[in-house]
K.L.:
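If you scroll down you'll find the structure; I have some questions about it.
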Amino acid sequence: MGVSRAFLTLASLFLTSTHTAVSNAQQIRDSPEPRNFARRIHSSATLIGDYVYIEGGLILQKTDGINLAPGPSYGPWNTVNNTLSIDMRQSWSSDSVAIRTIQKPAEAQPRAIASLLVEKARGEYYLWGGFAQNRVKVGVDGVFYKFTTDGKGGGSWSSEVPKNFKAMRVVQQAATVSINKTAYMVGGLASGWTDPDQKGEQAVGGMIKYDFDAKAFINDTEEWSPIDSTIQGGRAEFLPGFGKNGLVVLLGGMQLVLTPDPVHKRQQNFDFHNISLFDPVSQKRYWQIATGEVPLGTPRHDFCAASQRTADGGQEILIAGGMNPWGQDEAHVDAYILSLPGFFWTRVPDLPFEPRRFQTCVAVGKRQVLSIGGEPGGVKIDKIKENATVTDPAPQGLMLFDMTDLKWKFEYNANDGPYERPDVIKNWYKNG
Ligand SMILES: *[C@@H]1O[C@H](CO)[C@@H](O)[C@H](O)[C@H]1NC(C)=O
Ligand SMILES: *[C@@H]1O[C@H](CO)[C@@H](O)[C@H](O)[C@H]1NC(C)=O
Ligand SMILES: *[C@@H]1O[C@H](CO)[C@@H](O)[C@H](O)[C@H]1NC(C)=O
Ligand SMILES: *[C@@H]1O[C@H](CO)[C@@H](O)[C@H](O)[C@H]1NC(C)=O
Ligand SMILES: *[C@@H]1O[C@H](CO)[C@@H](O)[C@H](O)[C@H]1NC(C)=O
């Protein structure tokens, strides 16, 4: 009897532990249930129709609501392998909104700090650059992966073989913007993360384009570039209401030297005072001195940016957080709005709770910006393991900023009114 009891006990222990291991593995998700969500960073996102699609990046999560789950290659971080979407037709709250997971083939190489090349008219986007798990160089087979949305929050992945794909340097952190039938990727950084053969880091100069119709990459940097140097971790925003074709504004980022190591040498950096713009069709470059509460802490990179347009053709760009690479590896907590056409900066309420970098922002509704993920700086991966307080205080890492009443919120309002400038900016225009 004793023997069989002992056997049973051992057997049930064995079963219990096996069961735990299996269920832990099953519980690691691209979008864990809210109580198990800890952090999401390095993802890219876009709004297509009524849905926000979130691609790639890394996720930190718990399996029991308390302890962090293990990850295979970046300490406790796991690669986000599938496509996520959020339904924006109804109002929701960050702590309970459902995030849908859509299967992505492994060949599409889930990746972090990648560019999304978005052709909104067709409801499609491609993944460009970034780094994949285990530092496998992305796109070496010359195959390009495209996601086609279905208008219902889902969609499917397919592949294409575009022209000149293999000739393009794989980079992370390019300032990317998609306009009409072309995507523009300015600068970026090649490193041991994007290419295991890369020794040290290499800033990439100029700009490349992807032509959605011709299915071709173009690098005409030798003939024309919107910048003389390089840009990493900056942001590009399209201003459709300005000039004949609309203008692209380049904001922030680092400007690293083109000679390989050591690239973290300081150069003249893109500050937020002298703003660079270009017309991608006429290939004219412009600059404009901005006034007001100009964001400090230059260079500032990997902040988030998104904009809303006013009925009179103006546009306001929100920037929030980011980090300074020459600083203490800490993120910024401040946020600003650049108002156009006035080129006037207004400091708006700081990010709630804590500083944030490597988050991504998308304009949603008529007057809101959705901020996805991010982390405070200075949190080292090895320390994260020891401290469950690294959990994002923003539920599921989702925050909303209302561009009119200038408030950070944790509720998305699907029935917001048309975008109107906040009073502080209205008054500035009124007073000339
Ligand atoms: C993504 O796939 C990799 C490789 O199979 C795996 O190690 C990782 O845990 C997966 N991520 C998630 C969130 O399931
Ligand atoms: C584009 O061309 C320039 C100039 O030849 C080169 O330095 C840069 O690396 C190229 N960009 C990419 C992404 O391949
Ligand atoms: C985008 O398309 C509009 C409408 O066809 C056109 O007027 C504009 O010049 C285009 N702008 C760019 C940057 O391609
Ligand atoms: C602003 O930057 C441009 C280069 O992008 C430069 O040519 C111009 O002189 C600068 N303006 C001022 C006032 O510093
Ligand atoms: C761990 O959490 C405590 C309490 O919030 C905090 O003071 C400390 O800085 C955290 N440590 C790390 C390494 O994040």
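Numbering of ligands and ligand atoms starts at 1, following listing order.
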K.L.:
One thing to verify: whether Glu375 and Arg356 come together as a salt bridge, which I'm taking to mean a side-chain N less than 4.0 angstrom from a carboxylate O.
P.N.:
no

K.L.:
Relative to the heavy atoms of Met168, which atoms of ligand 2 are at a distance of less than 4.0 Å?
P.N.:
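Matching atoms, with element in brackets: 14 (O).
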
K.L.:
Can Asp213 and Arg122 be counted as an ion pair, charged N to O under 4.0 angstrom?
P.N.:
yes

K.L.:
With sequence neighbours left out, what residues match Lys166 under side chain to side chain donor-acceptor pair (under 3.5 Å)?
P.N.:
none

K.L.:
For ligand 3, which atoms sit closer than 4.0 Å to a heavy atom of Asn180?
P.N.:
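Reading through ligand 3 atom by atom, the close ones are 1 (C), 2 (O), 3 (C), 8 (C), 10 (C), 11 (N), 12 (C), 14 (O).
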
K.L.:
Should the pair Phe212 and Tyr210 be assigned to parallel (<30°), tilted (30 to 60°) or perpendicular (>60°) ring geometry?
P.N.:
perpendicular

K.L.:
Can a salt bridge be assigned to the pair Lys152 and Asp150 using a cut-off of 4.0 Å between side-chain N and carboxylate O?
P.N.:
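Salt bridge between Lys152 and Asp150, a charged N being under 4.0 Å from a carboxylate O: no.
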
K.L.:
Looking only at heavy atoms of Val171, does any of them come nearer than 4.0 Å to an atom of ligand 2?
P.N.:
no

K.L.:
Using 30° and 60° as the class limits, which term best fits the ring planes of Trp193 and Phe131: parallel, tilted or perpendicular?
P.N.:
tilted

K.L.:
Does Asp195 pair with Lys137 as a salt bridge, N-O distance under 4.0 Å?
P.N.:
yes

K.L.:
Say whether Asn245, considering both its backbone and side-chain N or O atoms, lies within less than 3.5 Å of an N or O atom on ligand 3.
P.N.:
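Looking only at distances, the answer is yes, because the N/O contact criterion of under 3.5 Å is met.
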
K.L.:
For Val281, take its heavy atoms, then give the atoms of ligand 3 lying under 4.0 Å from any of them.
P.N.:
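Reading through ligand 3 atom by atom, the close ones are 12 (C), 13 (C), 14 (O).
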
K.L.:
Hey, is Glu222 touching ligand 2 through its side chain, its backbone, both or neither, going by heavy atoms under 4.0 Å?
P.N.:
side chain

K.L.:
Would you call the rings of Phe144 and Trp128 parallel, tilted or perpendicular, taking 30° and 60° as the class edges?
P.N.:
perpendicular

K.L.:
Under a 4.0 angstrom heavy-atom cut-off, which atoms of ligand 2 come close to Arg169?
P.N.:
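It comes down to these atoms of ligand 2: 12 (C), 13 (C), 14 (O).
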
K.L.:
I'd like the atom pairs linking ligand 1 to the protein - N or O on both sides, separation under 3.5 Å - with distances to 0.1 Å.
P.N.:
{"from": "ligand 1", "atom 1": "2 (O)", "to": "Asn81", "atom 2": "OD1", "distance (Å)": "3.1"}
{"from": "ligand 1", "atom 1": "2 (O)", "to": "Asn81", "atom 2": "ND2", "distance (Å)": "2.4"}
{"from": "ligand 1", "atom 1": "7 (O)", "to": "Gln133", "atom 2": "NE2", "distance (Å)": "3.4"}
{"from": "ligand 1", "atom 1": "9 (O)", "to": "Asn78", "atom 2": "OD1", "distance (Å)": "2.5"}
{"from": "ligand 1", "atom 1": "11 (N)", "to": "Thr79", "atom 2": "O", "distance (Å)": "2.8"}
{"from": "ligand 1", "atom 1": "11 (N)", "to": "Asn81", "atom 2": "ND2", "distance (Å)": "2.9"}

K.L.:
With a cut-off of 4.0 Å, which atoms of ligand 2 are near a heavy atom of Val204?
P.N.:
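What qualifies from ligand 2 is 8 (C), 9 (O), 11 (N), 13 (C).
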
K.L.:
Taking the basic N atoms (NZ, or NE/NH1/NH2) and the acidic carboxylate oxygens, is any pair closer than 4.0 Å for Arg285 and Asp279?
P.N.:
no

K.L.:
Considering only heavy atoms of Pro280, which atoms of ligand 3 have at least one such atom less than 4.0 Å away?
P.N.:
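Listed by number with element: 13 (C).
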
K.L.:
If the plane angle is over 60° it's perpendicular, under 30° parallel, otherwise tilted; pick one for Trp345 and Tyr336.
P.N.:
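Ring orientation, 0 to 90° scale: perpendicular.
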
